[in-house]
Asker: 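To start, I am sharing the structure in question, which I have written as structure tokens.
Lettering follows sequence order; numbering is per chain, from 1. As the structure is a prediction and not an experimental result, all values here were calculated from the model.
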Amino acid sequence: MSLAVRVRSAITAALDAMVRAGDLAADAVEGSTWVLERPKRPEHGDLATNVAMALAKRAGQPPRAIAEKLARALAESDVIAAAEVAGPGFVNLRLHPRVFQDEIQEVLRAGAGWGRAPAATGERIDLEFVSANPTGPVTVASGRNAVLGDAVGRLLEATGHRVTREYYINDRGNQVRKFAESVRAAATGKAPPEDGYKGAYVIELAGWLRGAEPALLDGDDVDALGRACVTWMLRGVPGSRTLPGIRPSLADLRVHFDVWFSEESLYRWGAVPAVMRQLEQGGHLLRKDGALFFQAPEGSVEDKDRVVRKSDGTWAYFASDVAYFADKIARGYDRLIAVLGADHHGYVARVRNALSALGLPPDRFEALLYQLVFITKGGEAVKSSKRAGNFVTIDEVMDEIDEAAGRKGAGADALRFFFLSRSANSNVEFDIELAKKKSLDNPVFYVQYGYARLCSIHRKARTIGLVAPARAGLSGTDLAKLVHPDELAIAHKLADFPELVAEAAKLREPHRIVFYIQELARDFQSYFTRLKGAGDPILPRDSARAVPGWEATWDLDKTHARLAWIEAIRLTYAQALALVGISGPERMDRPAEESPEGAEDTGAESDA
RNA sequence: GCGCCCGUAGCUCAGCUGGAUAGAGCAAUGGCCUUCGAAGCCAUGGGUCGUCCGUUCGAAUCGGACCGGGCGUACCA
């Protein structure tokens with residue numbers, strides 16, 4: 001049983017006892033809502049409750065009077081060591097160390113399942129994210145979408161939902177046509193068309209298609225060429241750094257999809273006209289100025305009429321979107337989540353209205369909006385545009401950081417941490433120069449270093465013949481040896497983890513996990529360093545072990561208890577990192593120091 | 001104009017389903033490595049929580065008005 005549940009039931013039992021003793025009216029307790037919270041200040045106890053204040057009105061007693069009686073009644077409990085009344089009527093609780101020690105056992109018993117709900121007990125969720133136009137590489141701006149969507153997916157899975165990760169490929173329409181025309185122009189050495197794509201990758205793609213798809217390049221089927229371009233954009237050009245491919249780039253970020261859904265396929269299967277016919281039969285389409293509009297349903301204040309077929313006879317993107325969402329619902333999901341930049345927020349009402357018009361449940365659609373990423377360079381705003389070809393790709397950022405850290409994947413870790421360490425509601429400024437220059441200052445490395453150190457303690461323990469009891473079961477380990485206040489406090493923090501995961505998943509807020517990891521890392525590092533200063537090492541030092549008969553004076557039980565505790569921390573840490581897709585390295589070597597400027601450098605000035 | 005998001009320390013951000021003396025990282029200053037990992041630890045300084053009004057025993061948190069910023073309000077996607 002979890003710590004919070006144990007404490008809550010102790011309070012409930014005490015309230016019941018008060019009712020039986022006539023100290024409290026039964027109907028005051030019935031249906032009341034009160035909270036158990038972590039006080040900010042340690043003097044206020046391990047936990048505190050506002051129950052006395054919450055009951056005061058209905059009980060017809062002053063909060064402090066109820067609190068006093070509750071504190072006395074709690075004295076009977078075996079989980080609460082002390083209860084005292086404070087302030088306007090808070091009851092501050094101090095728990096028996098045993099409660100925290102038991103929690104270590106809970107963590108170890110749960111193992112890799114710690115913090116996770118049983119699988120496949122929740123909803124079937126379709127999670128659509130990224131879905132960036134396949135007319136350019138993955139930019140840092142899309143990276144935020146990718147990382148957020150992926151982390152939310154991990155959270156949803158951890159809380160028992162079945163998640164399909166989906167990328168909607170806009171592989172038709174104006175943008176793709178323009179892209180194809182730009183590639184064709186580049187292949188023949190011509191200037192790109194007006195509003196065409198100008199990046200270096202366009203030229204690279206053209207060169208590649210010259211070998212791979214010459215017939216398409218020279219033919220006159222722009223749509224077919226467009227599809228080929230999209231295919232190669234997704235897949236990447238072998239060996240190219242300019243065109244690594246959307247799919248491999250995302251894979252480097254540890255973002256994977258179950259479904260790559262083609263917009264064009266909705267037309268190929270006739271889904272768009274079918275859905276439009278249905279809307280028309282329902283009287284939701286309106287002809288105006290030679291175009292066809294979707295009429296927002298009566299009473300929907302949110303949105304106005306939207307074009308579905310332009311006056312030139314082509315379908316607008318909104319037509320395929322309606323068909324797409326209808327298709328998703330037909331696939332039987334309980335919930336459709338789309339991760340969207342804030343610039344798409346108007347889209348939410350549009351999709352909901354269309355679903356209602358089709359007689360489908362609009363509430364199944366949920367938008368997860370995040371604020372936009374502003375790219376700057378040395379503080380100056382950079383206008384990012386795929387068409388103009390000036391953008392920052394996640395690959396260049398990841399490569400740069402990988403190199404600085406001397407470890408493949410460090411860039412993905414840093415990027416993920418950067419985007420996930422703030423709420424989706426806050427704007428992000430991404431400074432290219434800063435990101436590259438200070439890449440090793442990213443707090444993710446602090447967090448990872450903390451993980452590596454936990455692992456290192458286990459390694460060291462093994463070399464002197466000690467094995468964390470956790471790994472072989474806890475039998476014989478006396479967790480009562482964990483008495484250091486920090487050890488109990490950290491155990492308490494571990495106890496918070498499952499509830500935190502549930503909360504973060506419910507709110508779709510992975511940044512909560514990131515903050516938790518940082519706190520856990522800090523708490524342990526602080527404890528560890530201070531323990532060293534206090535001359536109370538976890539493991540016997542080499543010099544101590546050199547003395548014959550050292551075992552007689554060493555408290556081996558305490559060491560075992562601490563190793564079990566460390567394993568519980570490591571496990572929680574690993575689970576938390578996995579939830580946000582950040583790697584937990586077992587070792588981390590400090591990257592080679594840059595040689596001090598000019599130290600050995602008697603040669604020419606650089607960049608003269 | 002209307003709609004959504006934001007305004008918290010010098011900077012970047014947590015905290016916002018109401019709780020006690022508002023937190024972290026970076027930056028600044030001063031300490032701490034002869035053995036378990038110093039990418040660290042400890043300490044100090046730094047805040048009218050945009051402004052005003054309201055609700056409440058209690059407001060950074062809820063409501064209203066205003067100020068400032070971002071985004072949207074396309075026959076672009």
Asker: Is the phosphate of B:G40 approached by A:Lys532 (side-chain N or O, under 4.0 Å from OP1 or OP2)?
Answerer: no
Asker: Using the P atom on both, measure B:C36 against B:U61 and round to a whole Å.
Answerer: 48 Å
Asker: Select one nucleotide: of B:A77, B:U21, B:G15, the one nearest the side-chain heavy atoms of A:His511.
Answerer: B:G15
Asker: Using purine N1 to pyrimidine N3 plus N6-O4 or O6-N4 for Watson-Crick, or N1-O2 and O6-N3 for G-U wobble, both under 3.5 Å, which nucleotide pairs with B:U35?
Answerer: none
Asker: For A:Arg459, answer base if it contacts any base atom (sugar-phosphate contacts may also be present), sugar-phosphate if it contacts only those atoms, and nothing otherwise; contact means non-hydrogen atoms under 4.0 Å.
Answerer: base
Asker: Could you measure between the two P atoms, the one in B:G68 and the one in B:G10, and give it in whole Å?
Answerer: 22 Å
Asker: Using atom P in both nucleotides, what's the gap between B:A24 and B:C42 to the nearest angstrom?
Answerer: 11 Å
Asker: Strictly below 4.0 Å: does A:Tyr446 bring a side-chain N or O up to OP1 or OP2 of B:C41?
Answerer: yes
Asker: Are A:Arg541 and A:Trp550 in a cation-pi contact, defined as NZ or CZ under 6.0 Å from the six-membered ring centre and within 45° of the axis?
Answerer: no
Asker: Any idea which of B:A20, B:C36, B:U35 is nearest the A:Lys460 side chain?
Answerer: B:C36
Asker: Measure from the side-chain heavy atoms of A:Asn174 and tell me the nearest of B:G69, B:C76, B:A20.
Answerer: B:C76
Asker: Hey, does A:Lys506 reach any base, or is it just sugar-phosphate, or nothing, if we go heavy atoms under 4.0 Å?
Answerer: nothing
Asker: Please report, rounded to the nearest Å, how far the P atom of B:A74 is from the NE2 atom of A:His344.
Answerer: 15 Å
Asker: Which part of the nucleic acid, if any, lies within contact of A:Ala86, taking any heavy atom under 4.0 Å across all strands shown: a base, the sugar-phosphate backbone alone, or nothing?
Answerer: base
Asker: Where the side chain of A:Phe90 is defined as all heavy atoms beyond and including C-beta, which of B:C41, B:A20, B:C36 is the nearest nucleotide?
Answerer: B:A20
Asker: If you check every side-chain atom of A:Pro39, which of B:C42, B:G37, B:A20 has the closest atom?
Answerer: B:A20
Asker: Would you please confirm or rule out a distance under 4.0 Å between OP1 or OP2 of B:C13 and any side-chain N or O of A:Arg422?
Answerer: yes
Asker: Has A:His44 got a side-chain N or O lying under 4.0 Å from the OP1 or OP2 atom of B:U21?
Answerer: no
Asker: Return the nearest nucleotide to the side chain of A:Lys310; candidates are B:C76, B:U35, B:G19.
Answerer: B:C76
Asker: Say whether, by atom type as modelled, one donor and one acceptor occur between the side chain of A:Asp171 and the main chain of A:Glu264 under 3.5 angstrom.
Answerer: yes
Asker: A:Thr529 side chain: which of B:C41, B:G19, B:A38 is closest?
Answerer: B:C41
Asker: Describe the nucleic acid contact of A:Asn442 in one word from base, sugar-phosphate, nothing, applying a heavy-atom distance below 4.0 Å.
Answerer: nothing
Asker: When A:Tyr324 is tested against each of A:Tyr168, A:Phe318, A:Tyr267 for ring-ring contact (aromatic ring centres under 6.0 Å, His included), which residue passes?
Answerer: A:Tyr168
Asker: Could you tell me how the ring of A:Tyr347 sits relative to the ring of A:Phe365: parallel (under 30°), tilted (30 to 60°) or perpendicular (over 60°)?
Answerer: perpendicular
Asker: Using a cut-off of less than 4.0 Å, is there contact between a side-chain N or O of A:Lys438 and OP1 or OP2 of B:U12?
Answerer: no
Asker: Can you check the distance between B:G3 and B:U21, where both ends of the measurement are the C1' atom (answer in whole Å)?
Answerer: 40 Å
Asker: Under a 4.0 Å threshold between the charged nitrogen and the carboxylate oxygen, would A:Arg508 count as salt-bridged to A:Glu366?
Answerer: yes
Asker: Is any side-chain N or O of A:Asn425 closer than 4.0 Å to OP1 or OP2 of B:C6?
Answerer: yes
Asker: Would you check if A:Tyr449 stacks with the base of B:G37, given a 5.5 Å centroid limit and a 30° plane limit, both strict?
Answerer: no
Asker: May I ask you to say what A:Ser456 touches in the nucleic acid, namely base, sugar-phosphate or nothing, with a heavy-atom cut-off under 4.0 Å?
Answerer: base
Asker: Tell me whether the OP1 or OP2 atom of B:A20 has a side-chain N or O from A:Arg38 closer than 4.0 Å.
Answerer: no
Asker: Are side-chain N/O atoms of A:Tyr527 and A:Glu487 paired as donor and acceptor at under 3.5 Å?
Answerer: yes
Asker: The side chain of A:Arg41 is closest to which nucleotide in this list: B:A77, B:C13, B:U21?
Answerer: B:U21
Asker: Verify the contact: side-chain N or O of A:Ser526 to OP1 or OP2 of B:C42, cut-off strictly under 4.0 Å; return yes or no.
Answerer: yes
Asker: Answer with base, sugar-phosphate or nothing: what part of the nucleic acid does A:Ala452 contact at a heavy-atom distance below 4.0 Å?
Answerer: base
Asker: Using the C1' atom in both, what is the distance from B:U73 to B:A77, to the nearest Å?
Answerer: 16 Å
Asker: Side chain of A:His345, base of B:G3: donor and acceptor closer than 3.5 Å?
Answerer: yes
Asker: When we call it a touch if two heavy atoms are under 4.0 Å apart, what does A:Ala342 touch: a base, just sugar-phosphate, or nothing?
Answerer: sugar-phosphate
Asker: Hey, does A:Phe374 reach any base, or is it just sugar-phosphate, or nothing, if we go heavy atoms under 4.0 Å?
Answerer: sugar-phosphate
Asker: Rounded to whole angstrom, note down the P distance from B:C2 over to B:A65.
Answerer: 10 Å
Asker: So what does A:Arg512 touch, heavy atoms closer than 4.0 Å: a base, only the sugar-phosphate, or nothing?
Answerer: sugar-phosphate
Asker: Contact class for A:Ala544 (heavy atom, under 4.0 Å): base, sugar-phosphate, or nothing?
Answerer: nothing
Asker: For a quick check, tell me whether the side chain of A:Ser426 and the base of B:C13 share a donor-acceptor pair closer than 3.5 Å.
Answerer: no
Asker: A quick test of your reading: do over 12 heavy atoms of other residues, nucleotides or ligands sit less than 6.0 Å from CD of A:Glu68?
Answerer: yes
Asker: If the C1' atom of B:A43 is compared with that of B:G37, how far apart are they to the nearest Å?
Answerer: 24 Å
Asker: Pairing check on B:G63: which nucleotide meets the Watson-Crick or G-U wobble criteria with it, both distances under 3.5 Å?
Answerer: B:C53
Asker: Measure from the side chain of A:Lys304, starting at C-beta and using heavy atoms only, and say which of B:A74, B:C16, B:A14 lies closest.
Answerer: B:A74
Asker: What contact category does A:Asp289 fall into here, base, sugar-phosphate, or nothing, at under 4.0 angstrom with non-hydrogen atoms?
Answerer: base
Asker: Does B:G25 have OP1 or OP2 sitting under 4.0 Å from an N or O in the side chain of A:Ser421?
Answerer: no
Asker: Under a 3.5 Å cutoff, is there a donor and acceptor pairing between the side chains of A:Tyr516 and A:Asp496?
Answerer: no
Asker: Assign each of A:Leu507 and A:Asp536 to its nearest nucleotide of RNA chain B by heavy atoms, then name whichever residue's nucleotide is nearer the 5' end.
Answerer: A:Leu507
Asker: Determine which nucleotide pairs with B:G45, using a 3.5 Å limit on both distances of a Watson-Crick or G-U wobble pair.
Answerer: none
Asker: Is the closest side-chain donor-acceptor distance between A:Gln175 and A:Thr135 under 3.5 Å?
Answerer: no
Asker: To the side chain of A:Arg350, which of B:G70, B:A77, B:A14 is closest?
Answerer: B:A77
Asker: Any strand is fair game: report the nucleotide pairing with B:G25 by Watson-Crick or G-U wobble, both distances under 3.5 Å, or none.
Answerer: B:C11
Asker: Closer to the 5' end of RNA chain B via nearest nucleotide, is it A:Lys40 or A:Ala521?
Answerer: A:Lys40
Asker: Strictly by Watson-Crick or wobble contacts shorter than 3.5 Å, is anything paired with B:C71, and which nucleotide is it?
Answerer: B:G3
Asker: Between A:Arg522 and A:Ser526, do the side chains contain a donor N or O and an acceptor N or O under 3.5 Å apart?
Answerer: no
Asker: Is there a donor N/O on one and an acceptor N/O on the other, under 3.5 Å, for the side chain of A:Asp589 and the base of B:A39?
Answerer: no
Asker: When the C1' atoms of B:C13 and B:G72 are compared, how many Å lie between them, rounded to an integer?
Answerer: 25 Å
Asker: Using the purine O4'-C1'-N9-C4 or pyrimidine O4'-C1'-N1-C2 torsion, is B:C33 syn (within 90° of 0) or anti?
Answerer: syn
